[in-house]
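Here's the structure, in structure tokens; my notes come after.
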Amino acid sequence: MSVEPTSSAEKPSVENAGRRSFFHRLFQTVMGLWGVAFVTVVVSYIKAPRESKGIEETVKRVGPASDIQIGSAKFVADERQPFWVIRTSSDELTALSATCTHLRCILQWDQPSGRLVCPCHAGAFDLNGNVVAGPPPRPLETFRVDTRGGIVYVNLS
Amino acid sequence: MSTSHKVTGWLEERLNLTEIFSFFTTFGLSYGEIDLNKPLAEAGREAFSRKLPTYTRGPYILGVLTFLVFLFQGVTGLLLAFYYQPSPTAAYESTLLIIRDATFGWYIYQMHHWGSNMLIALLAVRLARFFLHGVYKKPRELFWVFGAILFLLAAHAALTGSLLPWDQRSYWSVTRGLEVIATLPFVGSVLSFLVGGYDLLSGTLLRFYVLHVIFIPLAMVFFFYLHFATVRKVGLSPLLGEKPAEPKPLYPDHLFQLVILSLILFGAILTLGTLFPVSFSAKADPFSSPSGIRPPWYLLPAYGLVELLPHTLAGVVLLLVMFGLVALPFIERGQYRQLKKRPLFAIAAGAFCVVILVLAFIGYRRGQ
């Protein structure tokens, strides 16, 4: 709120008025700079720090490959990117994002139909991640799966 | 008609802006009546041009600075609460996140730390000046009472806050501090009831957190408000042997001086936080006591006393000193304000300061 300095003690002569407005400007500039610095510090502090993307962050260890039978699936509750690992044949695993592309509900594995279905709005995806039913606008994200020494790893990068 | 006038005009038809504004001004910025029937611009101009005694000059700045530091602690504390998690398993990691990962996090952490020390120091210096200038003589006894209570509250805020980082130093330093509080008869039991025992168990951290971020700050706001209320009623204490300074309008004189004061103050806090950052050690381990840990500095005299005397006696003495501190205006009831005209209390206060320093030294040595 701006309030005019109407009742300053001294009589405003021309000289004083010039000096006063100069200091007024100076004051406003300094305060503005402080304000900018303050807002910068606060905003950059509140902005959540980026997670360090080390190899252990992006490659998830899912578990022994033998645990996942043909036609069954394993859910991995990763905080950033929950996903399903599904065995499509004896030597093939596929990893699909578990968040529906519609409104980010968590998909369920429906073994009889071999689809990932969304409990919220009945969206459904096939094993390639394509939308086969319901409102989802985009196909699911798929991730690379590697099996090393009988252990399944999924690369989320 | 300017945009701001249009906006306030639009709002004034829907909200009692002047009443909201009067709430802020009566809290501290300006005192005196505000005509609630006038539109905001007019009421504001009146309030801002009203001539007030200069509380932003001379020794009065101690009070202004105290309140500014308190607000500063509120802001930095709020920012720290964005990341901090008050549980023994997450406290250390979340503090580490603030210091290491969040941009400017270490800065905010350091400023909050130094701000708390500054608050206690300012309140202590303010009490000393109240004594030297005899400020608490009738009718300003409550200045001292509220000032002393605020000092004790600030010390408790600092103690509860210093546990929160949950590193070795803070954990064991607070443990030393709690040894002092445990000796206090009655008060110690009440406090230990509040924090759930004398030991630092998992529940203690959460209770310290609640006391630190909600209970004590609210109590401090309450006593700040009471202090402002009594200042508005009885006025600032005139300086000894000087004519009261000529009242100046709130804007621009007072506000400019306030801004300059706060810039200097926060410059000092920033400098201290940069040059003398508080250390952050390993995670707290209840099963390994490090050596050379002392209680926080404001508890050193009390710690020295507890180390010297039997615990019960030390507790009674501490309690008497605390009550005596708050009730000083009712103990010293003479009418004179000049130090020369009240030699007994001048000598007693001098002796008290010497004893405090000696006890602090003893506490410092014993802590090693």
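Per chain, numbering begins at 1; letters A, B, ... match sequence-line order.
Using a 4.5 Å cut-off between heavy atoms, A:F27 contacts chain B through its side chain alone, with no backbone atom that close. Of the atoms belonging to B:I108, it is side-chain heavy atoms, and not backbone ones, that fall under 4.5 Å from chain A. When heavy atoms are compared at a cutoff of 4.5 Å, B:L78 does not approach chain A at all. With a 4.5 Å cut-off on non-hydrogen atoms, A:F23 does not touch chain B at all.
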From CA spacing to verdict: side-chain hydrogen bond (donor to acceptor under 3.5 Å, both in side chains), B:S279, B:S281:
CA-CA 6 Å; B:S279 65; B:S281 54; 5.7 Å; no
Sequence neighbours excluded and cut-off under 3.5 Å, please list the side-chain donor-acceptor pairs for residues 127-142 of chain A, or say none.
none

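B:H113 places none of its side-chain heavy atoms less than 4.5 Å from the side chain of B:Y109.
Cysteines A:C105 and A:C120: SG-SG separation is under 2.5 Å.
Under the 3.5 Å distance criterion, with hydrogens and angles disregarded, no donor-acceptor pair is assigned to the side chains of A:S72 and A:Q111.
If you tally non-hydrogen atom pairs under 4.5 Å between each of B:F266, B:F104, B:F82 and chain A, the highest count goes to B:F104. Of the listed residues (B:L97, B:L79, B:V259, B:D101), the greatest number of heavy-atom pairs within a distance under 4.5 Å of chain A belongs to B:L79.
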